[in-house]
Amino acid sequence: MSQKSIFLETHNINNRASGLGTFNYELIKGLSTLDFNDYELTLNSSKPELLKEEFKNKFKYHKYSSLSRHPLFRIRKKYDLWHSVNQNIKVEPFHKSNYLLTVHDIHFVEEVSDSKSPKLKKLFREKLERSTAITYISEFAKKHTHEHFNVPNVPEYVIYNGNPISTILDTSAFVSNVPVDKPFFYCIGDFIERKNYSSIINMMKLIKDFNLIISGNNDKKYGEEIKKLISDNGLENQVFLTGKVSDEGKQFYMKNCTAFLFPSIREGFGLPPIEAMRFGKPVFLSDKTSLPEIGGEISNYWTNFDPEYMKDVLFNGLSNFESNKTEIENQLKKRAASFDWKVAAAEYFNVYKEILK
């Protein structure tokens, strides 16, 4: 039997600070642990040599070029299956072949300016129409897609992401660029409006004995707004922005924080809360979109963003945590462990096999 060829459109892998970069890398790493002798998997990356260094001959490698986003320069080689690993990729196959689409979120329906929106919707509709099967990273992402688009009658699957923290690092040598001498709450993510950092900063005006530390690349427009909010409220000695952090830094703050706060109003999945649960930390989330699927019953939820109310939920949750600490820590760690990239990768591989039967 000849090998079936599968192309993974993973060129976002180089931006590992982003959710999509993490997804691509962790999916590939999970797939690399599987036995797929009858299948040849090709990865697309602008730095294939880095992947080859790590994964050796487990995969074939294709060098990504931005030209391949244009129809005339699409990849001409014919594959038995093309996996479009996110819904916004402009790189598409030249030939018609089996096509798996993974949908993370359709935030562009609500977030994008009127001038860009029709283009993105058209791109997404074309992907849906091309699909042989569709995977979603949460039930919410599936429901949201069905609300806004005509989804073709093809097999659909929900496959949860795994927890990116598979190894606990030694953080004893880490030097923080912000003060950690006082108990602190932690938050990490892109600086974009839907992350809703303003809500926790407004809450901090009512809290005296704790600091708030937020990590993530804050040099965009929303980052400037957040910096202004901090200084307008005289919170410079209480709310600190670290900028982008290394894995070591992220684990240091998660390991040492009193609680993890994630008030995002739109998430296709939301990896950081799972990472915090890995350390047995109490997690406080908004009850919007996919976050209740991620946090389950063991997390705490804000149903609105009134600062007094948010503070009450936070301190009630913390006192509940302190009163059953060992048990709740164990439940949080167990919840985090239920999101496993090896399991997720095996589920994706089963979908490949199903399509290629």
Side-chain angles (χ1 to χ4, degrees), residues 1-16 18-66 68-69 73-104 127 130-137 154-164 166 269 339-357:
M1 180 180 135
S2 66
Q3 282 188 320
K4 300 272 194 200
S5 60
I6 301 168
F7 186 85
L8 281 81
E9 207 312 88
T10 49
H11 83 271
N12 286 322
I13 191 164
N14 292 336
N15 184 9
R16 293 270 270 283
S18 73
L20 290 175
T22 300
F23 175 87
N24 286 350
Y25 175 70
E26 295 292 348
L27 174 62
I28 289 168
K29 201 163 98 176
L31 287 168
S32 74
T33 65
L34 302 176
D35 173 20
F36 46 79
N37 292 337
D38 299 335
Y39 301 85
E40 180 185 273
L41 274 60
T42 299
L43 310 178
N44 197 23
S45 167
S46 56
K47 296 178 180 165
E49 62 285 354
L50 291 181
L51 291 175
K52 187 158 190 188
E53 209 172 286
E54 183 168 356
F55 300 112
K56 311 293 186 275
N57 296 328
K58 187 78 187 182
F59 301 99
K60 297 275 186 222
Y61 302 92
H62 180 273
K63 191 168 173 65
Y64 164 75
S65 145
S66 58
S68 62
R69 296 156 57 139
F73 298 101
R74 283 179 178 169
I75 294 165
R76 298 285 170 121
K77 187 175 171 186
K78 200 168 182 346
Y79 292 90
D80 295 313
L81 169 62
W82 181 287
H83 182 184
S84 189
V85 298
N86 89 62
Q87 69 287 336
N88 298 327
I89 288 174
K90 293 191 175 71
V91 180
E92 297 288 9
F94 185 83
H95 300 283
K96 192 170 171 20
S97 65
N98 289 304
Y99 187 91
L100 174 64
L101 171 63
T102 293
V103 178
H104 296 252
K127 280 181 153 30
R130 185 179 274 141
S131 297
T132 313
I134 303 169
T135 57
Y136 302 90
I137 64 168
V154 297
E156 296 178 278
Y157 308 85
V158 172
I159 302 176
Y160 285 129
N161 292 341
N163 183 348
S166 47
F269 188 77
F339 295 95
D340 184 330
W341 274 113
K342 284 185 182 153
V343 173
E347 289 181 23
Y348 279 101
F349 191 62
N350 284 338
V351 174
Y352 297 166
K353 290 195 287 198
E354 203 57 41
I355 292 172
L356 291 171
K357 254 183 188 169

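Here the closest heavy-atom approach between residue T132 and residue N98 is recorded as OG1-CA, 3.3 Å. What you find for E347 and V158 is that their closest heavy atoms are OE1-O, 4.3 Å. Closest non-hydrogen pair, S45 versus I13, comes out as OG-CG2, 3.9 Å. Here the closest non-hydrogen pair linking G30 and A345 is C-CB, 3.4 Å. Pairing each heavy atom of S131 with each of L101, the nearest pair is OG-CB, 3.5 Å. Looking at every heavy atom in both residues, L100 comes nearest to I355 through CB-CD1, 4.0 Å.
By the 4.5 Å heavy-atom criterion applied to side chains, N44 and F7 are counted as neighbours. Residues I137 and F23 meet the side-chain proximity criterion, which asks for heavy atoms closer than 4.5 Å. Counting heavy atoms from C-beta on, the side chains of T22 and N161 never come closer than 4.5 Å. No side-chain heavy atom of T10 sits less than 4.5 Å from a side-chain heavy atom of L27.
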ask   = Given the rule in the side chain to side chain contact (heavy atoms under 4.5 Å, CB included) test, do L8 and Y352 qualify, once you have shown the distances and angles that lead to the verdict?
value = CA-CA 11 Å; L8 281 81; Y352 297 166; 3.7 Å; yes
query = side chain to side chain contact (heavy atoms under 4.5 Å, CB included) between R74 and V91: does it pass, once the steps are laid out?
reply = CA-CA 7 Å; R74 283 179 178 169; V91 180; over 6 Å; no
task = Would you check, one step at a time, whether the test side chain to side chain contact (heavy atoms under 4.5 Å, CB included) holds for W82 with R130?
result = CA-CA 11 Å; W82 181 287; R130 185 179 274 141; over 6 Å; no
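Using a distance-only test at 3.5 Å, with no hydrogens or angles considered, no donor-acceptor pair links the side chain of N12 to the main chain of G21. Panel note: side chain N163, backbone F339; no donor-acceptor pair is recorded below 3.5 Å. For Q87 (side chain) and H104 (main-chain N/O), a donor-acceptor pair under 3.5 Å exists by modelled atom type. Remark: the backbone N or O of I89 is paired with a side-chain donor or acceptor of K127 at under 3.5 angstrom. Without hydrogens or angle criteria, K63 side chain to S46 main chain gives a donor-acceptor distance under 3.5 Å.
In this model, a donor atom of one side chain and an acceptor atom of the other lie less than 3.5 Å apart for Y99 and E92.
Taken from CZ in F55 to CG in L43, the straight-line distance is 8.0 Å, to the nearest 0.5 Å. Expressed to the nearest 0.5 Å, how far NZ of K357 lies from NZ of K4 amounts to 12.5 Å. Here the NE2 atom belonging to H95 is positioned 11.0 Å from the NZ atom belonging to K77, to the nearest 0.5 angstrom. A distance of 11.0 Å separates OH in Y61 from CD in E49, rounded to the nearest 0.5 Å. Annotation: the span from F59 atom CZ to E54 atom CD amounts to 9.5 Å, rounded to 0.5 Å. Atoms OH and CG, on Y25 and L51 in that order, are 9.0 Å from each other to the nearest 0.5 Å.
Aromatic ring centroids of Y39 and F349 lie under 6.0 Å apart.
Annotation: K78, atom NZ; neighbour count of heavy atoms from other residues, nucleotides and ligands within 6.0 Å is above 12.
A cation-pi geometry, defined here as NZ or CZ lying under 6.0 Å from the six-membered ring centre and within 45° of its normal, holds between K58 and F36.
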